[in-house]
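Only one structure is covered here, and it is reproduced in the block below.
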Amino acid sequence: MHLIESHLQKKIDDCLDELNYPHLSYAFEIPKIETHGDLSTNLAMLLAGPLGKPPRQIAQSLVDKLDLPDKQISRVEIAGPGFINFFFSAKFLHDTVRHILKLNRNFGKNAQGRDQKAQVEFVSANPTGPLTIGHGRQAVLGDTIANFLEWSGYEVIREYYFNNAGRQMRVLGDSVRLRYLELLREKIDFPEDYYQGEYITNIARGMIEKYSDALKGRLPEDLDLFIREAENEIFRDIKQTLKRLGISFDVYFNEKDLYEKGNIDDVIRRFKEKDLAYEKEGALWFRSTAFGLEQDRVILKSSGEPTYRLPDIAYHITKFERGFNLIVDIFGADHIATYPDVLAGVKALGYDESRIKVLIHQFVTLYQGSEKVKMSTRKANFVTLDELMDEVGVDVTRWFFLMRNMDSHLNFDLVLAKTQSDENPVYYNQYAHARICSILRNAEEKGISFTDMNSLNRLENPNEFQLIKKMVEFPAVIERSTREFTPHQLTQYLSELSTVFHKFYTECWVLSTDKELSQARLALCLATKTVLANGFAILGVSAPESM
RNA sequence: GCCCCCGUAGCUCAGUGGAUAGAGCGAUGGCCUCCGGAGCCAUGCGCGCAGGUUCGAUUCCUGCCGGGGGUACCA
């Protein structure tokens with residue numbers, strides 16, 4: 001779409017100059033109704049105000065000067081209140097198939113991020129328990145957004161930020177310690193706000209195997225061993241889960257480094273130097289109201305411990321220091337209140353906070369049939385990401401987390417996902433791919449292969465054209481999904497592509513005695529396979545040859 | 001109270017200020033001599049409410065109603 005749009009845009013811009021019309025930003029869109037053309041612009045209606053003329057008259061004056069039709073546009077018309085509608089030529093559509101086959105694995109890539117470094121931070125769950133469904137949505141979103149950025153030419157770092165110190169971890173260690181004692185038949189009192197999950201007992205069991213009852217005497221003061229053991233175990237688990245989902249991080253960033261390397265002290269010093277912090281009631285406050293926030297915030301508690309804001313600010317400063325042009329943070333809706341403080345802090349110290357793109361995704365609500373499942377790591381009643389993948393598979397897991405706008409709550413009905421897995425959209429899309437592969441196998445058996453570019457001229461059936469027109473959109477869909485951070489638009493698009501392919505398949509017999517037409521349709525299948533596979537690659541789902 | 005997200009078909013959701021608002025699931029009825037029926041075709045069902053901006057609003061603004069999430073010297 002890029003190419004054809006810029007082709008038209010240039011022609012139109014020349015016209016505007018010639019007619020002495022103002023240049024204002026106008027849009028091309030794909031009309032919903034086929035008879036309204038393949039591309040349409042509202043330019044004439046936008047010019048109506050400034051020029052004080054009726055839009056249709058303006059449209060006519062533009063069309064008169066446009067020097068169309070040409071090789072790519074076969075027809076132009078003025079319609080409705082003043083739309084200018086363009087129709088693609090058959091030659092343009094044939095050339096598009098050639099273009100896709102030529103670019104192959106690279107069709108859909110763009111160079112918007114060339115020579116730019118991007119960092120995507122996501123998951124960032126502390127090692128206190130297995131990843132849940134909620135983490136799953138974030139994990140898949142983050143990884144996929146990173147994929148999109150790579151398709152736009154960015155050099156991308158996937159980063160996981162975590163904290164293995166503090167109260168949370170002490171509670172974790174102590175939870176394991178109590179289960180350890182319990183397994184050794186000691187009488188224990190397990191607090192309600194401790195980690196209740198089964199995995200705690202499993203870790204404790206592992207420690208008995210490793211240390212027998214040797215840790216009984218040192219208790220309860222020395223928790224450290226229990227904490228480290230739990231952390232290692234849980235982290236191994238988390239990484240395994242992520243790997244299964246097809247996700248690997250380039251950097252695991254430990255909050256502790258910020259203390260050890262002086263980043264925290266550095267931030268405090270710079271805040272004080274710039275008079276951005278003051279002491280009150282024994283605590284150190286950030287003057288965040290100076291940056292448009294509603295209230296000042298504590299960064300150092302009266303106990304001397306930092307609040308989460310301070311390391312978060314220090315951490316983000318390292319992102320700038322590491323030279324990232326684009327910094328993407330993905331959080332769940334529960335963190336919505338924390339990021340304005342961090343952005344204000346970063347800005348206060350002179351960094352360009354517009355480089356940071358904060359993406360907030362809404363929660364996943366899990367249903368067992370019609371019953372809502374409450375999720376909490378503390379309490380035992382959560383469904384883990386692993387359990388979900390066990391039930392529905394990796395491809396379905398990824399697709400389902402991606403198919404909705406992240407601004408929307410995601411209702412995930414486990415019963416439905418299990419019992420109706422045959423009916424779900426990922427299979428619909430993968431089936432289109434597998435079907436094409438099957439045709440290609442048959443073609444090989446019959447000795448038909450695509451060798452003659454001229455055969456493409458035989459494509460003229462409306463179903464063939466519809467399929468090509470859908471593929472023309474692909475680069476623009478990628479571009480927009482990347483720019484707006486909306487992976488669900490790609491899942492949406494791929495389903496549309498699969499639909500037109502299945503229609504084409506039903507209406508147009510690919511391998512016939514007409515060798516030339518067979519070649520042409522085979523080329524169309526190859527192109528469709530490429531576009532589907534490229535889309536799947538970005539989403540991180542597999543492109544099966546058969547299923 | 002204040003802040004953020006969401007209210008579109010029976011259900012789950014798409015919808016870049018445009019011309020007749022779409023898809024999947026569910027329901028009903030069709031389509032296999034032949035490349036994979038995990039498919040295709042056909043039927044139904046409608047933008048939470050009230051104002052405003054605009055030539056034009058599901059889309060932007062304001063208020064209200066409903067659901068979710070925040071609002072700590074927890075993260």
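Within the 4.5 Å cutoff, the side chain of Leu522(A) has heavy atoms near those of the Leu440(A) side chain. Residues Val541(A) and Val394(A) are not in side-chain contact: their nearest non-hydrogen atoms beyond the backbone lie 4.5 Å or more apart. Between Pro22(A) and Leu51(A), the closest side-chain pair of non-hydrogen atoms falls below 4.5 Å. With contacts defined as side-chain heavy-atom distances shorter than 4.5 Å, the pair Phe286(A)/Arg309(A) does not qualify.
Remark: Tyr339(A) is not in phosphate contact with G70(B), judged by side-chain N or O atoms under 4.0 Å from OP1 or OP2. Using a 4.0 Å cut-off, some side-chain N or O of Tyr428(A) falls inside it from OP1 or OP2 of C40(B).
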Below 3.5 Å between N/O atoms, which protein atoms pair up with nucleotides 73-75 of chain B? Just atom names and distances, please.
from   : atom 1 : to        : atom 2 : distance (Å)
C73(B) : O2     : Ser302(A) : N      : 2.8
C73(B) : O2     : Ser302(A) : OG     : 2.9
C73(B) : N3     : Ser302(A) : OG     : 3.4
C73(B) : N4     : Glu281(A) : O      : 3.1
C73(B) : N4     : Glu281(A) : OE1    : 3.2
C74(B) : OP2    : Lys301(A) : NZ     : 2.5
A75(B) : OP2    : Tyr308(A) : N      : 2.9

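For residues 492-501 of chain A, every residue pair satisfying the side-chain hydrogen bond (donor to acceptor under 3.5 Å, both in side chains) rule, not counting sequence neighbours, is listed here: Tyr428(A)-Thr499(A), Asn429(A)-Ser495(A), Asn429(A)-Ser498(A), Lys470(A)-Glu496(A). Sorted by first and then second residue, the salt bridge (Lys or Arg N to Asp or Glu O under 4.0 Å) pairs with a member in residues 127-137 of chain A form an empty list; sequence neighbours excluded.
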Discussion item. Could you spell out the base pairing of RNA chain B as a dot-bracket line? Use Watson-Crick and G-U wobble contacts where both distances are under 3.5 Å, [ ] for crossing pairs, | for partners on a different strand.
Written reply: (((((((..((((....[...)))).(((((.......)))))....(((((..]....))))))))))))....
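Ionic pairing of Lys280(A) and Asp296(A) is not present here: no N-O contact between side-chain nitrogen and carboxylate oxygen is shorter than 4.0 angstrom. A salt bridge links Glu121(A) with Lys319(A): the closest approach of a Lys/Arg side-chain nitrogen to an acidic carboxylate oxygen falls below 4.0 angstrom.
Tested against Phe162(A), the residues Tyr315(A), Phe122(A), Phe235(A) include a single ring-ring contact (aromatic ring centres under 6.0 Å, His included) partner, Phe235(A).
Atom CG in Leu440(A) sits roughly 11 Å away from atom P in G36(B) (whole-Å rounding). Between the CG atom of Leu467(A) and the P atom of G39(B) there is a distance of 18 Å, rounded to whole Å. Going from atom CD of Glu545(A) over to atom P of G36(B) covers 14 Å, rounded to whole Å.
Residue contacts shown for Glu305(A) are absent, as no nucleic acid heavy atom lies under 4.0 Å away. Residue contacts shown for Cys508(A) include a base, since a base heavy atom lies under 4.0 Å away.
Counting only N and O atoms by type, the side chains of Asp341(A) and Ser288(A) include no donor and acceptor under 3.5 Å apart. For the residue pair Asn126(A)/Gln168(A), the side-chain donor-acceptor check at 3.5 Å is satisfied.
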Fill in: Sugar-phosphate or base contact per nucleotide [nucleotides 11-20 of chain B; S, B, -; heavy atom under 4.0 Å]
-BSSSB-BBB
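A stacked arrangement is assigned to Trp509(A) and the six-membered base ring of C35(B), with a centre-to-centre distance below 5.5 Å and an interplanar angle below 30°.
With RNA chain B read from its 5' end, the first of the two nearest nucleotides for Ser438(A) and Ala333(A) is the one closest to Ser438(A). Each of Ile439(A) and Thr499(A) was assigned the nucleotide of RNA chain B with the nearest heavy atom; the assignment lying further toward the 5' end belongs to Ile439(A).
Considering only residues two or more places apart in sequence or on other chains, Ala59(A) meets the side chain to side chain contact (heavy atoms under 4.5 Å, CB included) condition with Ala44(A), Ile78(A), Ile84(A).
Only the C1' atoms considered, G15(B) is 8 Å distant from A21(B), to the nearest whole Å. The separation of C31(B) from U16(B), taken at their C1' atoms, amounts to 38 Å, rounded to a whole angstrom.
Classification of C45(B) as anti follows from a glycosidic angle more than 90° from 0.
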